[in-house]
Amino acid sequence: MTAVADGPVTAFEDNDLKPVGFGRMLRKEDPRLIRGRGRFVDDVQLNGMLHLAILRAPMAHARIVSIDTSAASAHPKVKLVVTGAMLAEQGMAWMPTLSNDVQAVLATDKVRFQGQEVAFVVAEDRYSARDALELIDVEYEMLAPVIDARTALDPSAPVIRDDLEGKTDNHCFDWQTGDAAATEAVFASADVVVSQDIVYPRVHPAPMETCGAVADYDAVEGKLTLWSTSQAPHAHRTLYAIVAGLPEHKIRVISPDIGGGFGNKVPIYPGYVHAIVGSLLTGKPVKWMEDRSENLTSTGFARDYIMRGEIAATKDGKILAIRTHVLADHGAFNGTATPVKFPAGFFGVFTGSYDIKAAFAKMTAVYTNKAPGGVAYACSFRITEAVYLVERIVDCLAQELAMDPVELRIKNFIRPEQFPYTSKTGWTYDSGNYERTLREALRIAGYDELRKEQVERRARGELMGIGVACFTEAVGAGPRKDMDILGLGMADGCELRIHPTGKAVVRLSVQSQGQGHETTFAQIVAEEIGIPPADIEVVHGDTDQTPFGLGTYGSRSTPVSGAAAALVARKVRDKARLIASGMLEVSVADLEWVKGSFHVKGDPTKSVTIADIAFRAYGAGDLPEGLEGGLEAQICYNPENLTYPNGAYICVVDVDPGTAQVTVRRFIAVDDCGTRINPMIIEGQVHGGLTDGVGMALMEIIAFDEMGNCLGGSLMDYLIPTALEVPDWETGFTVTPSPHHPIGAKGIGESATVGSPPAIVNAVIDALKPYGVRHADMPLTPSRVWDAMQGHPTPPI
Amino acid sequence: MQVPAPFEYERATSVDHAIGLLDRLGETARLVAGGHSLLPMMKLRLANFDYLIDINDLHGELGYISVEPTQIRIGAMTRHRELLESQVLADTFPIFGDAERVIADPVVRNRGTLGGSLCQADPSEDLSAVCTTLGASCLIRGTGGERVVTMEDFHRGPYETAVGDAEMLIEVRFPVRPHGSSAYEKVERRAGDWAVVSAGAAVWLDAGVISDARVGLAAVGPNTTGLPAISEALRGHAPSEELYARAGAIAAQTCRPATDSRGSEEYKRHLADELTRRALRRSVARIVADDPGA
């Protein structure tokens, strides 16, 4: 493993105590997780707990004629069988999605995708619940399915969403951004125009832990406790209050340890609601854990964009305009989790890292008979698709102009002095130095040497490819004036309390799914307060224990909640300063802060530590006049802008000319996420995202047959890369702090997932240059690469 | 967690005990060895059996690699890992090591068995292609005694074998001849995946001329496929790239692949050609390296 050192990794053992604040340090949560002492939803065991299993539609589109549950109800261990008709009587058969659509909690009229929830059983054990599903007799009347998004708007296409009043087609929404006329004018007069059809196929986040919930309704207290696999416990609680009509203060949502989310655990799934209904009706705790196939076939997918990209440039390689038309497949219900005013997420950043004259995007979204969802999988709200589009089309242009892709990019980058830079689609990029970042990647890669090696190998008939991708993300949603989810502003709270002995507890509204929040947030507070991270307890994931906020997705934890943690710590430090001035009997202006203590200017021997101050704050001694006792504060942070992490990635591949197998030989990732809190955690995030990228680029796809049967319903069919498919990652960094974030941090969670697929695909296409290939769609499986080598690359859908 | 339908379970204490149980319980019973194919099918409820007879305790009786002058006998309960680690197999049939390194993952290889692999009869299964390539035969025992069938007769179609209801695969036998070697080539989408296409080759030389050669393919038809036409085309000729190309062309023409998510029919035919050539080339190179006078 080649690591570009920004600090020794050897001193882990004592790093918990020094230095205080930012730097490499082992994760506080790992002893528990590594030793099997984590507590996940499926570990929750309650007295008298029952188990729930869901009957799912075996076909993609059919009318429900009848459901006979009598045999299942007669099973000796079955306590409850519920159908859509029964929920409809309570007005609970439908629920809102996070995109102002509705989704069936249980199907009442029709099933609209294979795997849709039709009925559920609650039984004494998991096996009996599953056995009883086979005793439910459903009569279906088959309907023609709509599978290919390209035909969804044909007049002859069956209407999927006839539940919506007056709906006569499968149109979901239209969206556009940029200036169509100005863009057309630039295209009309440009020297060079390149256009390319590009498909980003449907993939799935496939977290190691599948989704699930344990609902426990206490009829005496009137209180519902729900352990669930949620990336956003507070937002979920508010929605349960609205949907189920339970008072919000009588709902407690707990997200315990979460085994990976990647966006898959942002939506509210029908199964969570089933567990709640099951507990309300039986008076017992009810557990639902979906199995692997259920997770892959019914929960939030990602991508599924059919794009045409167009780029206009001068003949010497100045990019003038970018234009795209997108057909978006949203499945049977629009379950996308995205800010309300952004139905296509942040796809508007498709102009990438380049300073251009005009841009325009137009999108049509359609319903199909496939699983709902559409934003999940570490995509920063569709920036994955946007970056893939621009970085592929820029490479197509480089090929057309016979220009080196690095030279073309550098020629067109937004320059450092142009920040803050407002893009042609209205996004205000906060900061960056793109050329410096790319040059660092070129240095680590030894780019010129690689190009020489490529020439030599080509002469020997070998296929070596070098791919470059530069990305800019917009993360940390978001400013409340622009962004909300179902009316909830995208702010995050934070509470910090220093205990009398100088130890602390910080309470967050975001929820870790493996990102290392318990460490990163302790370090943020440690940096500001000057006590060791080990002395700071991080509490998260429990709505009764933490302040309100919208949760973890879109790389927003550090940009939003991290800012809140820093600011709340400064608030506490300000109060500590007042107490210190009393204790040292000097004015506040005469105090100097050195991490962890205040001392009198010019006399370091006269000082008080945070622990001294805390003890005074709760103690019997005098406090400055007008000051309350205690040492704690809270805050709700509303970001003024998004942050714009960026990076430059270089991938080296070898393609076997005989079998068309792709081997990723090297991958260099240089990220600029602004201020780096824990470089080890950053590198871990990058390694994971790069591995995701290899999966998407080379093997992952959720495909369907012509009847809408999902072909990716198990991990034998839906391939996820292993250590054997990835190289030793080579990471590097530059630091351009965000000017508006309190500590200059920008977020890193999704950078590598966004940036790596185009780097890998660009490398494969570069390798295939002797075959005259300009583009081939993911996943680049050996068969699909071979198709491209034969001169007939085919879209995957 | 995916949970199977209810079933009853018994551990066999001897081969005769297992066969007796099969005889008594009939077709509702199934033997479980490594279980890495059977249990996922049961958890997905694609396969439901009333009884499982666990034969893992028979590893002492059926887990062996026995070398004789003209053959190697391998017990049906010999685990993948034992095949991979066997020095005698590495020396005699390097195809085993080639194949075992690309079969599934270490967890599966610790548990899965030769007999289980053959009895699962998956058309993409690698050990079946190895056994086909090496011209193996299978010893089957039932209540009525023992019989031996060739690999060609053992596999009757996808997931179907010559093993009857009250019968059990006991042993696989591999003929040993001098001046030969073997190799296995596989293309997979990801480590541990089933083959897109695999090809095994075994070659014997006599004074620089191919005295015999066999090629077996996986994942290109209803069963692993032995290709006698290639043997005929190679016998009596000195090894050469032209000869391998002829063999590859025969492989591409005679195999019967289908388009699926692993690849198109056209690509699989191409791989049958390419991998046949590679396996033959590597087999011959091994003979020459071990035995320069062959």
Side-chain angles (χ1 to χ4, degrees), chain A residues 42 51 53 125-131 133-134 209-210 212 289-295 656-662 694-695 698-705 711-726 779-790 792 794 796, chain B residues 1-7 36-37 39-46 48 101-102 104-108 122 124 185-199 219 244-245 248 257-279 281:
Chain A
D42 204 15
H51 295 264
D125 60 74
R126 187 173 278 186
Y127 288 80
S128 301
R130 178 67 183 80
D131 293 345
L133 295 184
E134 288 170 22
E209 177 201 35
T210 58
M289 283 304 299
E290 68 186 3
D291 64 33
R292 179 62 58 191
S293 297
E294 291 180 291
N295 181 256
D656 184 321
T659 64
Q661 283 174 296
V662 176
V694 169
L698 300 185
M699 61 192 79
E700 294 182 24
I701 181 171
I702 293 285
F704 296 84
D705 68 14
L711 304 177
S714 82
L715 293 181
M716 279 173 62
D717 305 300
Y718 187 73
L719 298 182
I720 291 173
T722 72
L724 296 176
E725 279 76 39
V726 301
L780 292 171
T781 60
S783 183
R784 295 178 47 73
V785 172
W786 191 75
D787 286 347
M789 290 164 70
Q790 304 310 303
H792 47 84
T794 48
Chain B
M1 186 176 70
Q2 309 191 222
V3 293
F7 60 89
H36 278 280
S37 295
L39 296 185
M41 288 171 70
M42 291 176 69
K43 288 166 89 171
L44 289 165
R45 302 200 179 204
L46 297 172
N48 294 307
R101 265 187 286 276
V102 293
D105 52 52
V107 176
V108 171
D122 188 304
S124 305
E185 296 281 346
K186 176 178 179 177
V187 167
E188 53 191 356
R189 295 173 300 171
R190 187 202 65 189
D193 189 23
W194 296 97
V196 179
V197 173
S198 310
Y244 304 151
T259 295
D260 60 17
S261 54
R262 292 196 176 85
S264 65
E265 181 194 334
E266 198 187 0
Y267 173 64
K268 290 180 183 181
R269 284 191 194 279
H270 165 74
L271 280 187
D273 177 352
E274 178 69 28
L275 299 185
T276 294
R277 293 192 220 197
R278 288 186 185 192
R281 192 182 297 135

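Within every chain, numbering begins at 1; the chains are lettered A, B, ... in the order of the sequence lines, protein sequences first and strands thereafter. The shown structure was predicted, so the numbers you read here are calculated from the model rather than taken from an experiment.
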From [X] atom [atom1] to [Y] atom [atom2], the distance as rounded to the nearest 0.5 Å:
X	Y	atom1	atom2	value
B:Gln2	A:Glu290	CD	CD	10.0 Å
A:Glu725	B:Arg190	CD	CZ	6.5 Å
A:Asp717	B:Arg262	CG	CZ	7.0 Å
A:Arg130	B:Lys43	CZ	NZ	12.5 Å
A:Gln790	B:Ser264	CD	OG	9.0 Å
A:Leu719	B:Ser261	CG	OG	8.0 Å

Please report the shortest heavy-atom distance between B:Ala5 and A:Asp131, naming the atom on each side.
CA-OD1, 4.0 Å
Where is the tightest heavy-atom contact between A:Ser783 and B:Gly263, given as atom of each residue plus distance?
OG-CA, 3.2 Å
May I ask you to test the B:Arg45-A:Glu134 pair for a side-chain heavy-atom distance under 4.5 Å?
yes
Segment of [X] engaging chain B (4.5 angstrom heavy-atom cut-off):
X	answer
A:Pro782	both
A:Asp787	side chain
A:Leu724	side chain

Chain A heavy atoms under 4.5 Å from [X]: which part of the residue, side chain, backbone, both or neither?
X	value
B:Glu266	both
B:Val187	both
B:Pro4	both
B:Arg277	neither

Counting distance only, does the side-chain N/O of B:His270 pair as donor-acceptor with the main-chain N or O of A:Gly658 below 3.5 Å?
yes
Donor-acceptor pair, side chain of B:Tyr267 and main chain of A:Thr659, under 3.5 angstrom:
yes
Quick one: which of A:Met289, A:Arg292, A:Glu294 has the most heavy-atom pairs under 4.5 Å with chain B, could you say?
A:Arg292
